[in-house]
Undergrad: 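Can you read through this structure? Questions will come right after.
Atoms within each ligand, like the ligands themselves, are counted from 1 in listed order. Just so you know, these numbers come straight off a predicted model, no measurement behind them.
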Amino acid sequence: MLSGKRNSASALHILSLLLLFLHCQASSHNYHFVVKEATYTRLCSTKEILTVNGKFPGPVLQAHKGDTIYVNVHNNGRYNITIHWHGVKQPRYPWSDGPEYITQCPIQPGHKFKQKIIFSEEEGTIWWHAHSDWSRATVYGAIIVYPKRGASYPFPQPHEEVPIILGNSSS
Ligand SMILES: *[C@@H]1O[C@H](CO)[C@@H](O)[C@H](O)[C@H]1NC(C)=O
């Protein structure tokens with residue numbers, strides 16, 4: 001009786017761990033990008049710049065080759081914006097690829113748009129950036145596409161990886 005209880009308790013424990021694991025897996029495929037102005041200081045100069053989530057450079061997207069991820073873009077800025085996933089082929093799905101008035105309408109201030117990103121053949125580090133007017137000057141970040149789940153790196157697995165993004169914050 002006692003061991004039966006203990007068994008069901010551990011089964012419940014395993015189930016909750018599994019649910020937690022599934023939840024973490026799923027949440028890593030949904031990102032929220034809040035486009036907003038933020039105060040930014042570099043080299044003793046402070047200014048308001050347009051950012052994603054108040055970060056400059058913006059957040060790093062991480063996926064595995066073969067993954068599909070979703071980015072919910074909320075435009076809390078004052079201007080229309082689109083976000084482009086640079087170097088991602090988006091096979092048969094250009095509808096959330098970014099170029100304004102070509103594959104999608106811009107996201108207007110106060111509106112949001114869920115963008116689907118399909119990683120088919122890409123592997124390595126690429127980037128995302130705003131695809132509307134001057135907003136691309138500060139709205140960008142890295143996309144890291146790891147090898148397919150279960151596959152190994154095409155080179156010895158690095159000890160550590162640090163994305164380096166070159167940009168010009170003075171514009
Ligand atoms: C913003 O986007 C909307 C919808 O596409 C468009 O009607 C409007 O002209 C755009 N505004 C500017 C300033 O480009």
Side-chain angles (χ1 to χ4, degrees), residues 22-149 151 161-171:
L22 290 176
H23 175 75
C24 292
Q25 285 236 310
S27 62
S28 69
H29 283 79
N30 275 287
Y31 288 85
H32 287 273
F33 273 22
V34 179
V35 177
K36 59 178 181 183
E37 302 264 329
T39 307
Y40 175 79
T41 303
R42 191 58 55 95
L43 298 175
C44 309
S45 137
T46 298
K47 58 179 90 167
E48 288 283 304
I49 60 169
L50 197 63
T51 67
V52 166
N53 300 350
K55 292 182 177 174
F56 179 70
V60 175
L61 294 181
Q62 298 188 39
H64 287 263
K65 185 176 174 179
D67 281 359
T68 294
I69 67 170
Y70 295 89
V71 180
N72 296 281
V73 181
H74 307 255
N75 187 1
N76 288 357
R78 279 178 288 163
Y79 307 94
N80 284 350
I81 199 159
T82 63
I83 310 277
H84 173 61
W85 322 102
H86 196 107
V88 184
K89 291 199 179 110
Q90 298 276 60
R92 295 186 296 285
Y93 196 84
W95 316 119
S96 55
D97 187 48
E100 56 180 350
Y101 301 117
I102 298 174
T103 57
Q104 68 177 74
C105 286
I107 309 165
Q108 296 178 62
H111 287 73
K112 62 183 178 188
F113 181 52
K114 187 176 190 170
Q115 301 196 224
K116 178 176 172 179
I117 314 164
I118 304 166
F119 295 101
S120 53
E121 294 167 14
E122 302 76 20
E123 193 170 1
T125 306
I126 42 185
W127 66 308
W128 56 266
H129 61 86
H131 208 283
S132 25
D133 292 334
W134 49 270
S135 57
R136 67 184 77 209
T138 55
V139 178
Y140 56 80
I143 306 176
I144 300 175
V145 191
Y146 293 104
K148 239 179 168 35
R149 282 171 203 282
E161 295 166 82
V162 181
I164 295 176
I165 303 169
L166 303 178
N168 175 9
S169 65
S170 65
S171 46

Undergrad: Could you tell me if the side chain of His74 sits less than 4.5 Å from the side chain of His32, heavy atoms only?
TA: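 They are in side-chain contact.
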Undergrad: For Tyr101 and ligand 1, answer yes if some heavy atom of the residue is under 4.0 Å from a ligand atom, otherwise no.
TA: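 Checking ligand 1 against Tyr101, which is what was asked, there is a heavy-atom contact under 4.0 Å.
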Undergrad: Heavy-atom distance from atom 7 (O) of ligand 1 to the protein below 4.0 Å?
TA: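 Not a single protein heavy atom is under 4.0 Å away.
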Undergrad: Determine whether a donor-acceptor pair (N or O, by modelled atom type, separation under 3.5 Å) exists between the side chain of His64 and the backbone of Pro147.
TA: yes
Undergrad: Can you confirm whether the side chains of Tyr40 and Glu48 place a donor and an acceptor under 3.5 Å from each other?
TA: no
Undergrad: When rounded to the nearest 0.5 angstrom, what distance separates CD1 in Ile118 from NZ in Lys89?
TA: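 If we round to the nearest 0.5 Å, Ile118:CD1 and Lys89:NZ are 13.0 Å apart.
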Undergrad: May I ask you to list the atoms of ligand 1 that are less than 4.0 angstrom from any heavy atom of Pro106?
TA: 2 (O), 5 (O)
Undergrad: At a 4.0 Å threshold, what atoms of ligand 1 neighbour a non-hydrogen atom of Gln108?
TA: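 Those atoms are 2 (O), 3 (C), 4 (C).
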Undergrad: Does Lys116 make a cation-pi contact with Tyr93 (under 6.0 Å, within 45 degrees of the axis)?
TA: yes
Undergrad: Suppose we measure from atom 2 (O) of ligand 1 to each protein heavy atom; which comes out shortest, and what is that distance?
TA: Asn80 ND2, 2.4 Å
